[in-house]
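One-based numbering along the sequence shown. Side-chain atoms are counted along with the backbone in the values below, which use heavy atoms only and exclude waters and symmetry mates.
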Amino acid sequence: MRVLVIGGSGVVGRPTASALQQRGHQVAVLTRGGTAGPPGTEALRGDLTTGAGLETALAGVDCVVDCANITTLSKAAAVRYFTDTTTRLGRLAEAAGVKHRVVLSIVGIDKIPYGYYIAKLAQEKAVLDGPVPATILRATQFHEFAGQVMAQSTFGRFAFVPKAVTQPIAAGEVGLALAEVVDDGPRGRVPDIGGPRVEHLPDLARQLVRHRGERKTVIGVRLPGKAGKGMNGPDQLPGPGSVLRGPTFTDWLASQ
């Protein structure tokens, strides 16, 4: 099977491409700049927002795995991006004869009124309403998330990290789960996945600081409004029927 991984050089896209390749699939990765993915995969250039390069990239593809992301604090921009790109990709995928679309999403997005989550919920609707049979896999935040947050919220020796409850999972485990979803074929929304243990995001950030040997102080901050309340409660945790996959954050960090 030929599989196209969108965002295949990213935190989750890369291990997804590797897992698919190990399962015997022919794998191509699509990024805006044509960034190389794992060794042995084909690197393709394409722009989801304009459609440039997508027809060529989709030629001969059986399944598309969408790990694309956008960095913005604007709910309107995020909703527009995910709705427009998902709709465009669906139309072009149908014309190319693609048989299956897989979208990576986030646990709890239907419970927390946060702009990015609202946008991901819109993406889920667009892909399920689209012309190509689809599967949606929701995952909790990744172990890598604590470092990503600190990279954006550090000022001098202080890192301001949201007080959020999470049950983080290794990106490599998400990649393996996505590869399994590809092999299973279209199934709509499948059971959520998450890590083995409930954690607090500021605590994870402090562990990461100690692991790196940095002289940095992590300060937990409570996000305002209903979104902040939701993130500091159980709404982002995997519920009944979810699949939990290791390792814990501590074990993962020790392996880095």
Side-chain angles (χ1 to χ4, degrees), residues 5-18 29 31-33 35 37 66-75 77-78 81-82 103-109 112 114-120 123 137-175 177-178 193-195 197-214 216-223 227-228 230-232 235-238 245 247-256:
V5 181
I6 298 176
S9 64
V11 172
V12 175
R14 192 175 185 88
T16 299
S18 293
V29 300
T31 63
R32 182 177 295 179
T35 306
D66 192 347
C67 299
N69 189 21
I70 182 175
T71 302
T72 178
L73 295 177
S74 167
K75 180 182 76 172
Y81 171 81
F82 281 117
V103 170
L104 175 63
S105 193
I106 307 169
V107 170
I109 58 174
I112 300 174
Y114 176 58
Y116 187 84
Y117 289 1
I118 292 170
K120 288 295 290 183
Q123 182 190 30
L137 174 66
R138 289 185 182 180
T140 56
Q141 297 291 355
F142 315 133
H143 289 332
E144 291 83 354
F145 185 61
Q148 294 171 338
V149 170
M150 284 201 300
Q152 298 173 358
S153 63
T154 295
F155 301 90
R157 60 181 293 268
F158 297 99
F160 298 90
V161 176
K163 289 183 177 180
V165 177
T166 182
Q167 195 162 331
I169 184 171
E173 288 293 330
V174 179
L178 286 169
I193 61 172
R197 193 163 69 191
V198 176
E199 309 273 9
H200 289 82
L201 189 58
D203 292 340
L204 301 184
R206 293 182 184 106
Q207 286 187 54
L208 184 57
V209 167
R210 289 194 297 269
H211 178 76
R212 292 173 172 175
E214 297 176 337
K216 184 179 296 182
T217 300
V218 174
I219 299 175
V221 294
R222 186 179 297 276
L223 296 177
M231 290 181 182
N232 203 32
D235 290 343
Q236 292 190 118
L237 304 181
R245 306 174 70 129
T248 65
F249 180 83
T250 300
D251 290 341
W252 169 84
L253 190 58
S255 70
Q256 300 303 298

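- When atom types are taken as modelled, the side chain of T72 and the backbone of A78 share no donor-acceptor pair closer than 3.5 angstrom.
- The salt bridge (Lys or Arg N to Asp or Glu O under 4.0 Å) test applied to D251 returns no partner, not counting sequence neighbours.
- Note that CD1 of I169 is 5.5 Å distant from OG1 of T140, once rounded to the nearest 0.5 Å.
- Y116 meets the side-chain hydrogen bond (donor to acceptor under 3.5 Å, both in side chains) test with N69; sequence neighbours excluded.
- No donor-acceptor distance shorter than 3.5 angstrom exists from the side chain of T154 to the backbone of A151, with no hydrogens or angles considered.
- Here the straight-line distance linking atom OG1 of T217 with atom CZ of F158 works out to 5.5 Å at 0.5 Å rounding.
- Nearest heavy atom pair, residue G220 against residue P202, reads CA-CG, 4.0 Å.
- Using a 4.5 Å heavy-atom cutoff, the side chains of M231 and L201 are not in contact.
- Partners of S74 under the side-chain hydrogen bond (donor to acceptor under 3.5 Å, both in side chains) rule, at least two apart in sequence or in another chain, do not exist in this structure.
- A donor-acceptor pair is defined here as one N or O able to donate and one able to accept, closer than 3.5 Å; no such pair exists between the side chain of H143 and the backbone of G195.
- In plain terms, the two heavy atoms of R212 and G147 that are nearest each other are NH2-CA, 4.2 Å.
- Contacts of R222 classified as side-chain hydrogen bond (donor to acceptor under 3.5 Å, both in side chains), with partners at least two apart in sequence or in another chain: none.
- Taking the side chain as every heavy atom from C-beta outward, V11 and Q148 approach each other to under 4.5 Å.
- Between C67 and L178, the closest side-chain pair of non-hydrogen atoms falls below 4.5 Å.
- Applying the salt bridge (Lys or Arg N to Asp or Glu O under 4.0 Å) rule to pairs touching residues 158-174 yields E173-R245, sequence neighbours excluded.
- Here the shortest heavy-atom pairing between I193 and A177 reads CD1-CB, 3.7 Å.
- Closest approach of G194 to P238, counting heavy atoms only: CA-CG, 4.4 Å.
- Across every non-hydrogen atom of Q236 and A164, the tightest pair is NE2-CB, 4.2 Å.
- Taken from OH in Y117 to CG in D235, the straight-line distance is 10.0 Å, to the nearest 0.5 Å.
- Nearest heavy atom pair, residue V29 against residue G37, reads CG2-N, 3.7 Å.
- In this view, I118 and K75, V79 satisfy the side-chain contact (heavy atoms from CB on, under 4.5 Å) rule, not counting sequence neighbours.
- Annotation: side-chain contact (heavy atoms from CB on, under 4.5 Å) contacts of V165 (sequence neighbours excluded): V198, H200, N232, L237.
- Every residue was checked against the ring pair (Phe, Tyr, Trp, His ring centres under 6.0 Å) condition with F145, not counting sequence neighbours, and none meets it.
- With sequence neighbours excluded, the residues satisfying side-chain contact (heavy atoms from CB on, under 4.5 Å) with S105 are I109, K120, E124, I136, R138.
- Taking the side-chain contact (heavy atoms from CB on, under 4.5 Å) definition, one finds that Q207 meets it with L204, R210, F249, T250, L253, sequence neighbours left out.
- Legend: residues meeting side-chain hydrogen bond (donor to acceptor under 3.5 Å, both in side chains) with E199, ordered by chain and number and at least two apart, are R197.
- Here the side chains of M150 and V161 are in contact, with some heavy-atom distance below 4.5 Å.
- With a 4.5 Å cut-off on side-chain heavy atoms, V12 and E144 do not count as touching.
- For Q256 (side chain) and W252 (main-chain N/O), a donor-acceptor pair under 3.5 Å exists by modelled atom type.
- Residue R206 qualifies as enclosed at atom CZ: its count of foreign heavy atoms under 6.0 Å is above 12.
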